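Have a look at the structure below, then the notes.
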Amino acid sequence: YELSDLDQDFLSSFDFVLDHNRKITQPVDDSVISQNDTYLRDGRGLSPKVFLSPRTCNQTLLAFGADMKSSLALYHKDQIFLTPYLGSLSTSKSVERVEQQINEIEKLFKVKINQVISDSHPNYLSSYLASLWGQPFQVQHHLAHAEASLFESGFNEALIFVCDGTGYGNDGSIWGGEVFHSNSNLTKHIARFENFSILPGEDSFKDPNILLQTLLEQPQHSVFTNSIGRWFDAMTALCFPDRFNELSFEAQAPLFLEEHASEIIYEWPKFDYIEDSILKLPLLELTNILIKLEVSPQHKAWLIHDGLAEVIVQSLEHMKHQLPVVFSGGVFHNTLLKECLIKRFDNKINYYFSKDCGDHQIALGQILSYLKQKGGGDA
């Protein structure tokens, strides 16, 4: 705002006002870091970042990231430049900011963009913006998470769990609980959590009680997802049905569930894993156990986290991999879930929790995925 815009009665309450006339050419939001050392908002002090690319390419690439926690990434001359958090693309101001950032990138690096990269979601605004600069190369949302997190971890090869709220899947459904096997040459989708029913439309995500009811009843007009973020919303309603009628901010229900969890010891059974084209992790079996448990809401809240960790660790035994394990996606901001996993690893498994596990990393992952599929040799 301009100083002249402020209410004069407000200004008269101060003896002095310190101001300056410098124009802010590159606004950057403050960074926000969680207690478990993950980046909720990667801004001032942490970004922009510049990485040496693991692979070469004779093109200049620009990735448009996702619609939430938007960022851009530029590949040019064996380096990747990742912008700070630019905001969610829900307002005209945030869209203008993205467009301004692209113009600044072109001027600063003196580049002409040869190839744009976008999320595969057909209705993402970021995908539409990318199309204004050329024909986008599309990268599936969770694949981008996996590529960025493997790169961040420093492992040459790993199993990568990507769990979040929503992402457009290769089959057109809503994904959010995926497992990849990735190395320097190939990233393969090898496992996923089971689907459950939800009602179509974003409005159905706002009420955890409706999510729970749809999961249990599987109405005929429902659609399917394996989103662990949405599952946590539904499980919050299982424990505290009167707490939320409508969610007002991201991860509100899982935060409440984590905060009100009270530790309890429980012996989990061996879960049944479904061998299909890819391995299916038994989310519904876990849910049925949780529903039948006669414990307090606080203890059940604990067992939701502990049970999910148990399903993940048993899946590693089932896949018979001795590889390092990487965790990414917004679900792994959850401190209690991380603690439940770590106590099971007990120095037997080499693991890494991505610090930048939210959608800010998507643009970086899009660049890395393109280079892996289309680029040349090692940088």
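Small disclaimer: the values here were computed from a predicted structure and weren't measured.
- Within a 6.0 Å radius of NZ in Lys343, more than 12 heavy atoms belonging to other residues, nucleotides or ligands are found.
- Summarising the local packing, CD of Glu285 is surrounded by more than 12 heavy atoms from other residues, nucleotides or ligands at distances under 6.0 Å.
- Between Thr187 and Lys372, the side chains place a donor N or O and an acceptor N or O closer than 3.5 Å (distance only, hydrogens not considered).
- In this structure, Gln322 places its CD atom where only 12 or fewer heavy-atom neighbours from other residues, nucleotides or ligands lie under 6.0 Å away.
- Looking only at side-chain heavy atoms (C-beta outward), Trp268 and Leu303 come within less than 4.5 Å of each other.
- Checking Phe249, Phe240, Phe232 one by one against Phe256, the ring pair (Phe, Tyr, Trp, His ring centres under 6.0 Å) holds for a single residue, Phe240.
- For the ring pair (Phe, Tyr, Trp, His ring centres under 6.0 Å) with Phe161, the qualifying choice from Phe180, Phe327, Phe193, Phe353 is Phe327, the only one to do so.
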- Task: Test Val98 against Leu89 for side-chain contact (heavy atoms from CB on, under 4.5 Å), laying out the working first.
- Result: CA-CA 9 Å; Val98 168; Leu89 301 182; 3.6 Å; yes

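- Using modelled atom types and a 3.5 Å distance limit, the side chains of Asp67 and Ser126 yield a donor-acceptor pair.
- In summary, of the residues considered (Gln138, Lys374, Gln366), a side-chain contact (heavy atoms from CB on, under 4.5 Å) with Ile117 occurs for Gln366 alone.
- Here Tyr266 contributes atom OH and Asp306 contributes atom CG; the two are 10.5 Å apart, rounded to the nearest 0.5 Å.
- Side chains of Ser296 and His299: a donor on one and an acceptor on the other come within 3.5 Å.
- Here the CG-OG1 distance, from Leu72 to Thr83, works out to 4.5 Å after rounding to the nearest 0.5 Å.
- Without hydrogens or angle criteria, Tyr273 side chain to Leu279 main chain gives no donor-acceptor distance under 3.5 Å.
- The closest side-chain donor-acceptor pair between Tyr352 and Glu152 falls under 3.5 angstrom.
- Looking at Thr60 and His76, their side chains do bring a donor and an acceptor atom within 3.5 Å of each other.
- The shortest side-chain heavy-atom distance between Gln59 and Tyr370 falls under the 4.5 Å cut-off.
- Between the side chain of Asp359 and the backbone N or O of Ile362 there is no donor-acceptor pair closer than 3.5 Å.
- Gln79 contributes no side-chain N or O that, together with a main-chain N or O of Val50, makes up a donor-acceptor pair within less than 3.5 Å.
- Judged by distance alone, the side chain of Asn334 and the main-chain N or O of Leu336 form a donor-acceptor pair under 3.5 Å.
- Within the 4.5 Å cutoff, no side-chain heavy atoms of Glu106 are placed close to those of Leu62.
- Ile312 CD1 to Leu337 CG: the interatomic distance, rounded to the nearest 0.5 Å, is 5.5 Å.
- With respect to Glu258 and Lys338, no salt bridge is recorded, no charged nitrogen being found less than 4.0 Å from a carboxylate O.
- Looking only at distances, no side-chain donor or acceptor of Ser173 sits under 3.5 Å from a matching main-chain atom of Gly169.
- Contact between Leu371 and Thr56 at its shortest, heavy atoms only, is CD2-O, 4.2 Å.
- In this structure, Asp29 pairs ionically with Arg97, as a charged nitrogen and a carboxylate oxygen lie closer than 4.0 Å.
- Ser369 and Gln373 share a side-chain donor-acceptor pair at under 3.5 Å.
- Both Ile291 and Leu211 are assigned to one and the same hydrophobic cluster, defined by single-linkage of ILVMFWY side chains at heavy-atom distances under 4.5 Å.
- Taking 4.5 Å as the limit, every side-chain heavy atom of Leu308 sits out of range of all side-chain heavy atoms of Ile304.
- In this structure, the side chain of Asn288 engages the main chain of Leu284 through a donor-acceptor pair within 3.5 Å.
- The shortest heavy-atom contact between Asn226 and Gly177 is ND2-O, 3.1 Å.
- No donor-acceptor contact under 3.5 angstrom links the side chains of Gln35 and Thr335, judged on distance only.
- You'll find the side chain of Phe196 reaches within 4.5 Å of the side chain of Thr225, heavy atoms only.
- The pair Asp233-Lys206 does not meet the salt-bridge criterion, since no charged nitrogen lies less than 4.0 angstrom from a carboxylate oxygen.
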- Query: Are His360 and Leu82 close enough, and set up right, to give a side-chain contact (heavy atoms from CB on, under 4.5 Å), and what steps lead you there?
  - Reply: CA-CA 9 Å; His360 176 263; Leu82 179 63; 3.4 Å; yes

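- Between the side chains of Asp42 and Ser47, a donor-acceptor pair is found at a separation under 3.5 Å.
- For the 3.5 Å distance criterion, the side chains of Glu339 and His305 fail to qualify, holding no donor opposite an acceptor.
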- Do Arg41 and Asp30 pass the salt bridge (Lys or Arg N to Asp or Glu O under 4.0 Å) test, and can you show the C-alpha distance, the side-chain angles, and the key distance before you say yes or no? CA-CA 8 Å; Arg41 188 167 66 208; Asp30 289 327; 5.4 Å; no

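- Within the 4.5 Å cutoff, side-chain heavy atoms of Phe244 are placed close to those of Gln252.
- Looking only at atom types and distance, the side chain of Gln361 has no donor-acceptor partner in the side chain of Tyr39 under 3.5 Å away.
- For Asn350, the CG atom is densely surrounded, since the number of other residues' heavy atoms within 6.0 Å is greater than 12.
- The pair Arg344-Glu310 counts as a salt bridge, with a side-chain nitrogen and a carboxylate oxygen less than 4.0 angstrom apart.
- Side chain of Ser227 to main chain of Asp164: a donor-acceptor pair is present (N/O by atom type, distance under 3.5 Å, no hydrogens or angles).
- The backbone N or O of Ile210 lies less than 3.5 Å from a partner atom in the side chain of Thr214, making a donor-acceptor pair.
- Among the candidates His145, His141, His189, the single residue satisfying the ring pair (Phe, Tyr, Trp, His ring centres under 6.0 Å) test with Trp175 is His189.
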- Query: Going through the distances and angles, do His333 and Ser34 end up as a side-chain hydrogen bond (donor to acceptor under 3.5 Å, both in side chains)?
  - Reply: CA-CA 8 Å; His333 286 303; Ser34 73; 4.8 Å; no

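- Side-chain contact between Leu316 and Phe345: present, with at least one pair of heavy atoms (C-beta onward) separated by less than 4.5 Å.
- The shortest side-chain heavy-atom distance between Leu74 and Leu61 does not fall under the 4.5 Å cut-off.
- In this structure, Lys49 contributes its side chain and Phe81 its backbone to no donor-acceptor pair below 3.5 Å.
- At distances below 3.5 Å, not a single donor-acceptor pair connects side-chain atoms of His321 with backbone N or O atoms of Leu323.
- Ion pair Arg192/Glu178 flagged as a salt bridge, since at least one NZ, NE, NH1 or NH2 atom sits closer than 4.0 Å to an Asp/Glu carboxylate oxygen.
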